[in-house]
Each structure stands twice: as C-alpha cells, then as structure tokens.
There are 2 protein chains.
Amino acid sequence: MRTETVENYLKTIYNLSSDNTLVVTNQQLADKLSINPASVTEALRKLHELKYVIYEKSYGTRLTTAGSKLALGIVRRHRIWETYLVKELGFGWDEVHVIAEELEHVQNDKLINKLAEILGNPVYDPHGDPIPDAKGKILKSNFIKLSETKPKGNYKVMGVIDHSTAFLKYLDKHQLIIGATITIKTIEEFDNSIILICQKKDVNISPKAAECIIVQAL
Amino acid sequence: MRTETVENYLKTIYNLSSDNTLVVTNQQLADKLSINPASVTEALRKLHELKYVIYEKSYGTRLTTAGSKLALGIVRRHRIWETYLVKELGFGWDEVHVIAEELEHVQNDKLINKLAEILGNPVYDPHGDPIPDAKGKILKSNFIKLSETKPKGNYKVMGVIDHSTAFLKYLDKHQLIIGATITIKTIEEFDNSIILICQKKDVNISPKAAECIIVQAL
DNA sequence: TTATTAATTTTGGTATACCTAAAAGTTAAT
DNA sequence: ATTAACTTTTAGGTATACCAAAATTAATAA
Ligand SMILES: [Mn+2]
Ligand SMILES: [Mn+2]
Ligand SMILES: [Mn+2]
Ligand SMILES: [Mn+2]
C-alpha cells in the first residue's frame, strides 16, 4: 500500500474514533475519505494484515498500538503545519487545512520538530485541536459542542470540528473565532437553531453548524 | 498518471536537457529515476499523449511548452524549499535535497510565493542553482565545471551538480563551499585528478568530483 | 417474527506504475 | 558489410487502489 493511502486511512480512523474509545464503521470511513465502501473493506483487510488496525468483519475497526502511534504522528504533522502556516506564514485559519492535507505526508521528524520549536511547541492548532508532542502525547479536553449548551449560559469558543474554508469564513463573518465569549439567548423550538450573542450582536446558528463548534462553560 | 509521477518525469527531463537544448534519452531517465527502461518507454508514451513532451521513438524526448512550464514550476518549488530550509529553518545544504524532493509536490502557489517573499525572492538556491521566478523566468549562467579548468587559474565556486549528502559533506570538509576562492595547482597526468588550493590548503579532487563542481573564472 | 432497509462484502473489472525477459532497432568496431 | 554491444521497445505479468453491481449480513420496523 502506498504510504499516503495508509496514512490517510489511519488518520481518519483516529479522528473518527475519539481517542480510540469508539469503533469506526466502514460507512464512516467511506464518507470521510470519499471512497466506495467496497474499497474501504479491501483497505481495512490490508491494514489489518499490516497490524495497524483490528478489523472485525461486519462490525468495525479500531487502531492497534502501532496504528495509533503512526496516526498520532500524522495528526501532529498536520496540526503543526496548520499552526506554522497561520502563525509564521500569515495564512488564514480557513485556508490551511487543504495545504496541511498535503504537507502532513512529508516524512521528516527534524523538520516538524524544528517548526514546533519555532512555534514554541504549541499545544493547540488554529482550530483548537490539541497537537500531540513528539512522543505522541496529546491533551484531552472535556469541552462540549455548542449544540449541547443551555440558554442563558456563558461560553467561550474553544475550537471547531469542520475545517472547511466555507464554514470558517462563515464563523469569521460573525466573529465566532477561537477565544470569543458568547451568551446563549434562546434555542428556536421550530428548527433547533441557536440564537446567541457574540460581540454584542445576535447571531443565529443552525443545528448543523452548532455541531461543529466547541465551547467551554464559563 | 499520478501527478507526482508526472512531475518527477518532467523535472528530470528538464534537469537533463540543459534548458531544452538537448534531447533526453530513455537511458538517462531510467538512471536518474532508478526505473527500468521499459517503464520509461511506457511513461514517455503517456506524457506524449498528455502533450507534455515530444517523444520520438528510439531517438529521444524533449519538453513541449506546456511541459516546460510545469517543469519550471516544480523546479521553482524544489529550490525555494531548499533555500527556505537552509536560510529560515537552519538545515545544512547537505540535508535539504531529500526533503525538497517531497515538498516540491505540494501544490500551492500562494505558499511558495510567500516563502520566496520571506527569502527576498532569491535567485540562487543553496547549491548555486538558479530559481525560476513565479512566471517561470530563470537566469542562465555560463559557469564552467571544475573539470574544465586550467592550472594556475583562479576560480570561485558557484555551485554543485550533485546534491547528495555524501558529496556535500565531502565538500564541507575541504571548505569547498559556494563563494570559496580556489587556485588550480596542477592536474595529475596519471588519473586526471585536480590539485587545487582552497583556504591555503592543498585539496585533491577526483575527476568524478570535478564534474560536479561549478566555478567561475576570476 | 418476518419484512424491509441499510451496511458490508464479494465478484469482476479498470487504470496506474512498476517489473523481467525477449525481440527489435541503433551504433560502433572490425 | 558483418558482428558485437548497447539501447529501446514489446510482450507478458505483478501490486496498488480504486470502481459498480450483485450477494450477503445485520439492524430496524411492522
Ligand atoms: Mn485540519
Ligand atoms: Mn492527507
Ligand atoms: Mn535539490
Ligand atoms: Mn520529487
């Protein structure tokens, strides 16, 4: 298997399994990778042979220790590059994900560690995701989704789940950026959209968007 | 064809054809790419169909205008990355080639132009090779190889042809770095090795190494 | 429980990018 | 002009990584 393919599978399994607590289904992988489910089955069989995953037929997949180690390396590279692009090269948080998708596959530990050092060994990337250290150690936070908040509560935006340009530009427009403080005003009965106050302005967030915003109670 | 494969062929054809004046043979490509000649034939047929090269059976290959444009882009990316790794990230000139082999395939003009801008739009890379500008324009120099020099002459080291770590470390050891001034003492009759003075010390250069060092007469 | 629906796997197939071995073509030497 | 040496191409084959369609298996609803 080509390393880039292996890496994309391992990273995606990692991202979908929430720190290896969940078993990942073929469907989820097919969706995330935009690949036919039949191809996912084949790939998982090979990854199982390579001992990067434990794939149980018709049930699901999870990473082995070896697979986890690799996945964390890829995630580290992705997030370090995103941070470097934003902090050192002046890119917007809405532009860096696609570039990091390519840069993450460049295999050179010295390079990544050098970038990390220049950045002061950051612990969070521009989207609020934790960056594993060189040994693969990663912080786990207990933040919640905006969709899980209650009216009248005050929260701080800690991160986003979706890294697409479209979504991040939409957040920029409403100043819903990392660190922003918000107050939940109401939740619409009709469609579950959330009305919150950010920078003294009312903002209406769709349920779909609320699933992609990570906050911390204040 | 996978873009990375196409890119590696185009770049290699470019590097072997000395600015499109020479026709490149299959053998040369097979050697440089460490690929079987039979595979080169197949690949060239496809590149011809894609109109990136003019491939004449049993004769040779040269780049089309479209192929040249692409090749210059890849060469630009390779050399900008090498320069960035040395100048901004503290790598040695002997370490950067392999990393740039990967980074050169990351497709993002804004990124490369940003790096170039930070570097002050450099015209030469750490090995003395000219860097094409964003439009593909490239300086052509009329420097000569060390193997073409005459005894008693004074020269300045302008570049190297081989980018391998082994070769560059060997040059470092003798202080034969870019910008160094040298005087040719003699050329051994026996094996054509060159004895020159660099930093007041005698250095003996094999004919093979002399083919890989670019100098300018002073 | 039995349909119905949905997810997964199998089957058969494509395109890419390599390979080895053999055949054909080219170049150079006698 | 032949032979010999080398280069290139053809023929046949492998592994990867995908696909669509059909068959199977699992989950859900009636
Ligand atoms: Mn990302
Ligand atoms: Mn990727
Ligand atoms: Mn190089
Ligand atoms: Mn390359």
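To find a chain, count down the sequence lines: A is the first, B the second, and so on, and within it residues start at 1.
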Pair up each side-chain donor or acceptor in residues 27-35 of chain B with any protein partner under 3.5 Å, not counting sequence neighbours, and list the distances.
| residue | atom | partner | partner atom | Å |
| --- | --- | --- | --- | --- |
| B:Gln28 | OE1 | B:Thr25 | N | 2.8 |
| B:Gln28 | OE1 | B:Thr25 | OG1 | 3.3 |

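- Residue pairs that meet the ring pair (Phe, Tyr, Trp, His ring centres under 6.0 Å) test with at least one member in residues 18-71 of chain B, sequence neighbours left out, do not exist here.
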When every nucleotide of nucleotides 6-19 of chain C is labelled 5' to 3' by its protein contacts under 4.0 Å (heavy atoms), B for base, S for sugar-phosphate only, - for none, what sequence of letters results?
-SSBB-----SSBB
Taking only distance into account, with no hydrogens and no angle test, what donor-acceptor pairs under 3.5 Å do side-chain atoms of residues 79-86 of chain B form with protein atoms, sequence neighbours excluded?
| residue | atom | partner | partner atom | Å |
| --- | --- | --- | --- | --- |
| B:Arg79 | NH1 | B:Pro130 | O | 2.6 |
| B:Glu82 | OE1 | B:His127 | ND1 | 3.0 |
| B:Glu82 | OE2 | B:His78 | NE2 | 2.8 |
| B:Glu82 | OE2 | B:His97 | ND1 | 3.2 |
| B:Thr83 | OG1 | B:Arg79 | O | 2.6 |
| B:Tyr84 | OH | A:Tyr84 | OH | 2.5 |

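- Evaluation of the salt bridge (Lys or Arg N to Asp or Glu O under 4.0 Å) test over residues 41-60 of chain A, restricted to residues two or more places apart or in two chains, returns A:Glu56-A:Arg62.
- Sorted by first and then second residue, the pairs that involve residues 64-76 of chain A and meet side-chain hydrogen bond (donor to acceptor under 3.5 Å, both in side chains), not counting sequence neighbours, are A:Arg76-A:Asn113.
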